[in-house]
Number of protein chains: 2
Amino acid sequence: MSKIQHRNLYREVADRVRDLIERGELMPGERISEKELCESFGVSRTPLREALKVLASEGLVELLPNRGARVMRLTLKMVKDTYDLMSALEGLSGELACQHISDKEIDKICGLHERMLDHYRKRELQEYFQVNQQIHESILAASNNEVLQEMYNNLSQRVKRVRYSKQMTDTFWRQAVEDHENMIAALKKRDGPLLGQILRDHLCNKLEVASLSGVIEEEASPSAANS
Amino acid sequence: MSKIQHRNLYREVADRVRDLIERGELMPGERISEKELCESFGVSRTPLREALKVLASEGLVELLPNRGARVMRLTLKMVKDTYDLMSALEGLSGELACQHISDKEIDKICGLHERMLDHYRKRELQEYFQVNQQIHESILAASNNEVLQEMYNNLSQRVKRVRYSKQMTDTFWRQAVEDHENMIAALKKRDGPLLGQILRDHLCNKLEVASLSGVIEEEASPSAANS
DNA sequence: TGGTGGTATTATGAATTCAAAATGCTAAAA
DNA sequence: TTTTAGCATTTTGAATTCATAATACCACCA
């Protein structure tokens with residue numbers, strides 16, 4: 001029996017705004033007009049304002065007192081810092097996963113790994129990333145630590161909108177796949193410390209950061225803030 | 001020149017409620033009556049409700065749709081999970097600190113370390129914990145990663161109210177001090193991976209968890225929820 | 001006596017209203 | 001021509017009001 005979802009308006013609104021930010025319809029630094037959004041959602045200002053408060057404490061939105069809200073702007077440093085954090089959390093997730101994971105779950109992840117290898121061999125970058133992400137998500141889920149999952153998802157949400165333009169060089173890609181081979185081995189042995197180490201050092205995140213150096217505006221470029 | 005603090009009511013209110021929770025004037029599971037709090041703060045319901053939304057997404061408060069707010073109840077598992085997370089974050093903070101920390105800051109931490117040792121020798125538990133905490137905070141600050149600091153502080157806030165009744169056995173205490181000796185050594189060498197490792201495994205957190213097993217109600221004991 | 005149904009009360013959710021701050025515009029002065 | 005003062009407009013902050021869901025209470029019935 002599935003739970004009855006008492007959805008309040010402010011939750012609904014928060015989800016919608018989150019979505020707008022994620023898909024880039026609200027750009028970083030862009031002013032969020034309460035009036036405009038209220039009209040497009042067909043709600044009054046109260047639930048919208050409540051939603052904005054929530055999004056602010058999630059780090060997606062910036063509230064300037066008496067001057068409204070704007071989509072949080074990501075500096076290169078913030079993104080780097082966030083990825084560092086995510087690596088550490090992934091490390092922990094691996095360590096914990098080894099303590100809790102069932103044989104069946106390991107099998108499932110191995111299956112994903114095989115599929116990933118397949119996409120690697122066929123050089124299907126898009127599909128590769130997708131399965132790759134599923135593997136990391138599975139490990140995170142196996143950690144059996146909900147606080148960890150909540151935090152990781154929050155961080156991931158923050159940087160989601162800059163997740164594109166991942167150009168893999170051949171050497172990087174090979175190294176990443178090698179990391180995954182080692183991960184699977186550690187997982188099968190249920191060697192938590194080892195899996196943790198591998199995940200913390202896994203260069204997938206590091207790579208993304210590296211490839212970002214051009215994509216994000218560095219520090220406050222005042223012009224980008226306006227309108 | 002210090003920034004002008006445009007403090008909105010909802011921030012003020014959130015701080016006040018956070019404080020009430022931290023100091024145990026609002027107990028876990030206790031119903032939060034909007035009317036009552038509004039009257040005691042002398043504000044209308046709007047800013048209070050906004051504050052509650054924020055506190056909810058900070059994990060301090062639980063919002064039951066159409067049924068009001070209550071102080072988040074901590075299960076033993078949640079606290080354990082949170083401490084696991086905090087250890088991982090401390091590990092990261094150590095790793096990063098080694099990359100950024102100045103000689104002067106290292107000196108400062110060494111000074112704190114000496115003071116801590118002194119309290120250890122004199123068996124001044126209270127003072128020991130205080131200086132101990134300052135050391136960890138200094139390392140966190142030296143990490144130069146604000147996202148990390150924000151997240152650590154949030155987690156710390158969540159479990160603050162169960163931070164008491166730390167009874168140290170002699171062996172534990174000695175081990176903890178030994179850890180600190182190694183930490184200082186790693187810090188002086190600026191050996192990030194080593195300091196990270198030590199901090200992740202530092203049994204201070206593990207100890208606290210262990211000592212909690214009796215303190216917190218395990219899982220939903222329905223009676224504790226009411227009134 | 002225990003349980004069910006229905007009404008009254010209370011508390012929450014959301015819209016509206018009122019107040020205050022910020023912004024934009026025009027005009028006057030340096 | 002540029003700057004600044006002052007007013008009008010817009011936008012945000014907070015209180016109030018209205019609507020709706022939850023709770024408490026009581027009578028009625030088995």
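Just so it is clear, the structure is predicted and the values come from calculations on it, not from any experiment. Sequence lines set the chain letters: A, B, ... in the order given, protein chains first and strands last, and positions in each chain run from 1.
Nearest to the side-chain atoms of N8(A) among the listed nucleotides dA15(D), dA15(C), dG13(C) stands dG13(C).
Considering V54(B), V71(B), L37(B) in turn, L37(B) is the only one that fulfils the side chain to side chain contact (heavy atoms under 4.5 Å, CB included) rule with V17(B).
Residue pairs satisfying the salt bridge (Lys or Arg N to Asp or Glu O under 4.0 Å) criterion with at least one member in residues 38-56 of chain B, sequence neighbours excluded, are listed as follows: R49(A)-E50(B), E50(A)-R49(B), E50(A)-K53(B), K53(A)-E50(B), E34(B)-R45(B), E34(B)-R49(B). Counting only residues at least two apart or on different chains, the salt bridge (Lys or Arg N to Asp or Glu O under 4.0 Å) pairs with a member in residues 54-69 of chain A are R18(A)-E58(A). Residue pairs meeting the salt bridge (Lys or Arg N to Asp or Glu O under 4.0 Å) criterion with at least one member in residues 141-159 of chain B, sequence neighbours excluded, are E150(A)-R158(B), R158(A)-E150(B).
If you check residues 46-60 of chain B against DNA chain C, the residues with a heavy atom closer than 4.0 Å are R49(B), listed by number.
Atoms CZ (R45(A)) and P (dG13(D)) sit 8 Å apart, rounded to a whole Å. Separating the CZ atom of F41(A) from the P atom of dA15(C) is a distance of 13 Å, rounded to the nearest angstrom. For N66(A) and dA21(C), the CG to P distance is 7 Å, given to the nearest whole Å. One can place CZ of R11(B) at 13 Å from C1' of dG13(D), the figure rounded to the nearest angstrom. In this structure, L9(B) places its CG atom 11 Å from C1' of dA15(D), rounding to the nearest Å. In this structure, E39(B) atom CD and dA11(C) atom C1' are separated by 13 Å, rounded to whole Å. Across the protein-nucleic acid pair, E12(B) atom CD and dG13(D) atom P stand 15 Å apart, rounded to whole Å.
For Q157(A), there are no side chain to side chain donor-acceptor pair (under 3.5 Å) partners at least two apart in sequence or on another chain. Under the rule for a ring pair (Phe, Tyr, Trp, His ring centres under 6.0 Å), the partners of Y128(B) that lie at least two apart in sequence or sit in another chain are W173(B). Taking the salt bridge (charged side-chain N to carboxylate O under 4.0 Å, His left out) definition, one finds that R16(B) meets it with nothing, sequence neighbours left out.
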Report all side-chain donor-acceptor pairs from residues 134-141 of chain B shorter than 3.5 Å, counting only partners two or more places apart or in another chain.
from: H136(B); atom 1: ND1; to: E90(B); atom 2: OE1; distance (Å): 2.6
from: H136(B); atom 1: NE2; to: N132(B); atom 2: OD1; distance (Å): 3.4
from: H136(B); atom 1: NE2; to: H180(B); atom 2: NE2; distance (Å): 3.4
from: E137(B); atom 1: OE2; to: Q133(B); atom 2: NE2; distance (Å): 3.1
from: S138(B); atom 1: OG; to: Q134(B); atom 2: O; distance (Å): 2.8

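Once rounded to the nearest 0.5 Å, the distance linking CD of Q149(B) with CG of N145(B) reads 7.0 Å.
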Between protein and nucleotides 6-11 of chain D, what N or O pairs are separated by less than 3.5 Å?
from: dT11(D); atom 1: O3'; to: R31(A); atom 2: NH2; distance (Å): 3.3

